[in-house]
There are 2 protein chains.
Amino acid sequence: MGDKYLIEYSDDVNKQQRTKQLDFFVYVDTVVFTINPDRLLRPEDRLEVLVMKRPGGSKGKWALPGGLVEDDEKLEHTSIRKVREETGLTLKLRDLHQVGAYGDPDRDNRFRAIAIAYMALVPHPSELRPIKYSDEASFVSYRSLRDGRLLEFDHSTIIYAARKVARSMLEDTNVALSFCKPKFTLTELRKVYESFLQYEVDPANFRRKVAATSDFILPIDEFSDFGSAPGRPAQMYRAGKAEQLSTQIRFRRNLDKIRPTGTSKKR
Amino acid sequence: MGDKYLIEYSDDVNKQQRTKQLDFFVYVDTVVFTINPDRLLRPEDRLEVLVMKRPGGSKGKWALPGGLVEDDEKLEHTSIRKVREETGLTLKLRDLHQVGAYGDPDRDNRFRAIAIAYMALVPHPSELRPIKYSDEASFVSYRSLRDGRLLEFDHSTIIYAARKVARSMLEDTNVALSFCKPKFTLTELRKVYESFLQYEVDPANFRRKVAATSDFILPIDEFSDFGSAPGRPAQMYRAGKAEQLSTQIRFRRNLDKIRPTGTSKKR
DNA sequence: GCAAAAGTGTTGGCGCTACACCCATGG
DNA sequence: CCATGGGTGTAGCGCCAACACTTTTGC
């Protein structure tokens with residue numbers, strides 16, 4: 001039943017190339033991260049990933065949005081196109097970062113598939129819209145996906161690698177701002193770090209660290225005012241121009257003080 | 001002229017896949033780093049990359065070893081195979097690390113080529129052998145290759161990315177040991193870090209840092225004794241079992257003392 | 001209504017650790 | 001001349017406490 005195609009290519013290749021079978025499928029899969037700002041969630045549970053149900057996929061399993069690269073299409077463009085087609089979300093090019101390539105011969109039992117994984121960081125879809133972008137796509141918490149059986153192929157591996165890439169980029173680039181809306185508070189920014197580190201960060205130290213790099217974030221003449229929010233209104237900020245942080249933002253934690261998961265809030 | 005091939009594949013793919021042209025070539029290119037231990041070299045000049053002349057390549061330009069992935073071949077295996085074929089050097093699987101994928105439509109003017117880049121760290125070929133592995137392949141200093149015009153395709157970009165990956169892995173894994181022979185001195189290990197950081201590191205601090213992580217390196221009952229080496233003989237070490245370093249090995253340098261290439265910033 | 005309590009953001013400070021720079025010693 | 005080890009001043013940072021400004025609760 002397989003369709004047949006004629007493939008012709010330049011003869012300016014060496015012998016090995018001419019005797020080569022061509023049955024590679026080059027995919028791009030995308031891990032879209034977001035931070036759920038819900039105050040009731042613990043920091044470890046705020047990180048969410050955009051996943052979908054593939055039409056012909058295994059029952060009950062999630063998959064990352066992704067698809068074949070087209071001719072004359074940049075890899076990043078494939079990522080943006082497939083995410084929009086399959087989930088309705090439109091990514092910005094500058095929010096995309098490559099995670100790596102996955103090409104083991106047996107990673108897809110249908111044919112030889114090379115997947116190039118990208119990662120994107122987006123603000124949480126605000127309370128205005130529902131969390132689901134379509135019937136078949138939604139944001140799901142990262143922790144619940146750590147059970148690899150919920151995901152198709154090696155997508156569990158890819159998501160884990162994407163989080164590692166993101167966490168390491170948080171330390172010395174301004175990618176964290178991708179998670180935030182144009183105007184944001186320091187607490188929102190701090191929650192980004194907490195979500196990837198999977199533990200809480202001291203607000204005072206965090207404030208000093210981000211202030212240490214000039215032109216990273218800039219205060220604006222505005223304060224948070226989300227009607228029902230208790231507490232002192234927070235200073236609002238906008239992104240500065242610094243893309244590379246001069247001082248690495250890393251939080252070592254005294255291992256004795258890590259609380260067992262399951263205990264509720266502090267204080 | 002161009003050869004023609006029949007390509008047949010499973011029908012278990014969706015509509016978009018069936019209407020897709022298949023003319024992707026999946027390559028693996030490998031950046032093999034080594035450290036030249038020559039005492040006369042400055043730390044910035046010790047880092048070297050294994051490059052070769054392609055048979056049909058542009059005149060006078062170097063290229064990274066690499067080639068097409070074969071059916072049922074893991075990407076890492078392609079890397080090892082092509083490096084051995086083209087340069088005679090046999091890499092170990094555990095020394096390979098993925099750098100990333102490069103797939104812009106115009107990166108190869110002959111056809112659509114997806115390159116997956118790997119990086120490997122090897123001890124410097126000792127004085128026993130010549131530096132050249134074959135007439136067409138040799139180690140060339142990283143700094144001289146920074147002039148992108150000496151390299152084909154986007155290989156200059158790939159090498160730069162590979163160095164960044166290596167430097168970041170040096171900070172918290174034991175990859176630096178890949179550069180060393182089974183028995184090595186602390187100075188040899190320090191030169192590895194200096195080569196990637198591109199500046200000198202205080203020997204005393206370096207010693208304390210590597211000693212801080214247990215089971216990273218282990219002293220053996222032997223001392224360096226290279227007749228012509230001046231100074232006190234150095235304690236020799238062998239690799240320990242630790243793969244992940246407990247303390248990050250990073251050397252901040254007083255910004256005032258950085259050589260005159262750059263921007264001095266605030267504070 | 002009003003006062004107290006509780007929740008959140010912001011600022012200051014103490015104490016400890018890491019470490020960059022320097023120096024002494026020994027092969 | 002180079003490897004090894006010690007010492008010291010200092011900057012960074014983890015932790016805690018106090019304060020500022022708001023909503024919520026109790027009577």
Side-chain angles (χ1 to χ4, degrees), chain A residues 37-41 43 171 183-191 193-194 197 199-213 217 219-220 222-237 245-259 264-267, chain B residues 37-40 43 171-172 184-191 193-194 197 199-213 217 219-220 222-237 245-258 266-267:
Chain A
D38 189 337
R39 293 176 182 281
L40 300 179
L41 291 174
E171 290 179 354
K183 301 173 181 178
F184 55 89
T185 70
L186 277 191
T187 300
E188 288 168 11
L189 187 61
R190 181 165 46 85
K191 286 187 201 303
Y193 283 86
E194 290 177 341
L197 296 172
Y199 56 75
E200 293 182 5
V201 168
D202 183 82
N205 292 327
F206 182 77
R207 168 177 305 273
R208 280 187 282 259
K209 283 202 182 184
V210 296
T213 22
I217 56 171
I220 58 180
E222 220 167 310
F223 290 84
S224 67
D225 182 42
F226 304 118
S228 64
R232 173 175 173 175
Q235 173 73 248
M236 303 214 66
Y237 293 82
L245 302 190
S246 63
T247 304
Q248 190 185 39
I249 298 190
R250 172 174 284 211
F251 298 91
R252 292 188 292 267
R253 156 165 280 224
N254 188 345
L255 293 183
D256 307 338
K257 302 213 173 174
I258 296 217
R259 71 184 72 252
S264 60
K265 308 289 293 193
K266 42 93 188 266
R267 235 171 312 249
Chain B
D38 189 336
R39 291 177 182 280
L40 300 179
E171 291 179 354
D172 39 32
F184 54 89
T185 69
L186 277 191
T187 300
E188 287 168 12
L189 187 61
R190 181 166 46 84
K191 285 188 202 302
Y193 283 85
E194 289 178 340
L197 296 171
Y199 58 75
E200 291 182 6
V201 168
D202 182 84
N205 291 329
F206 182 77
R207 168 177 305 274
R208 281 186 284 257
K209 282 205 182 180
V210 296
T213 21
I217 56 171
I220 58 178
E222 221 168 308
F223 289 84
S224 70
D225 182 42
F226 307 128
S228 65
R232 172 176 172 175
Q235 172 73 247
M236 302 215 66
Y237 293 82
L245 303 190
S246 61
T247 304
Q248 190 185 39
I249 297 192
R250 172 175 286 212
F251 298 93
R252 292 190 289 268
R253 156 167 282 223
N254 189 344
L255 293 184
D256 305 338
K257 301 206 174 177
I258 296 246
K266 51 90 223 206
R267 193 186 299 265

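Protein chains get the first letters and strands the later ones, always in sequence-line order, with residue 1 at the start of each.
- Rounded to a whole Å, the CD1 atom of B:Ile249 is 13 Å from the C1' atom of C:dC19.
- Using a 4.0 Å heavy-atom distance criterion, A:Thr187 is classed as a sugar-phosphate-only contact.
- For the pair A:Leu197 CG and D:dG14 C1', the computed distance is 15 Å after rounding to whole Å.
- Counting atom types as modelled, B:Asn205 pairs a side-chain N or O with a base atom of C:dA20 as donor and acceptor under 3.5 Å.
- Here the nucleotide nearest the side chain of B:Asp202, chosen from C:dC22, C:dT10, D:dT4, is C:dC22.
- Comparing D:dT23, D:dC13, D:dA3 by their closest approach to the side chain of A:Lys209 singles out D:dC13.
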Result block: side-chain N/O donor-acceptor pairs under 3.5 angstrom for residues 201-212 of chain A, not counting sequence neighbours:
residue	atom	partner	partner atom	Å
A:Asp202	OD2	A:Ala204	N	3.1
A:Asp202	OD2	A:Asn205	N	3.0
A:Asn205	OD1	A:Arg208	NH2	3.3
A:Lys209	NZ	A:Arg250	O	2.4

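- To the nearest angstrom, C1' of D:dG14 lies 11 Å from OH of A:Tyr199.
- B:Ala204 comes within 4.0 angstrom of a base, heavy atoms only.
- Partner of A:Pro43 under the side-chain contact (heavy atoms from CB on, under 4.5 Å) criterion, chosen from A:Lys191, A:Arg190, A:Glu194: A:Glu194.
- Note on the helix from C:dG1-D:dC27 to C:dG27-D:dC1: angle between the axes of the first and last five pairs equals 10°, rounded to 10 degrees.
- Nearer the 5' end of DNA chain D, as judged by each residue's closest nucleotide, is the contact made by A:Arg208, out of A:Arg208 and A:Gly231.
- Residue B:Arg207 has a polar side-chain atom (N or O) positioned under 4.0 Å from OP1 or OP2 of D:dG5.
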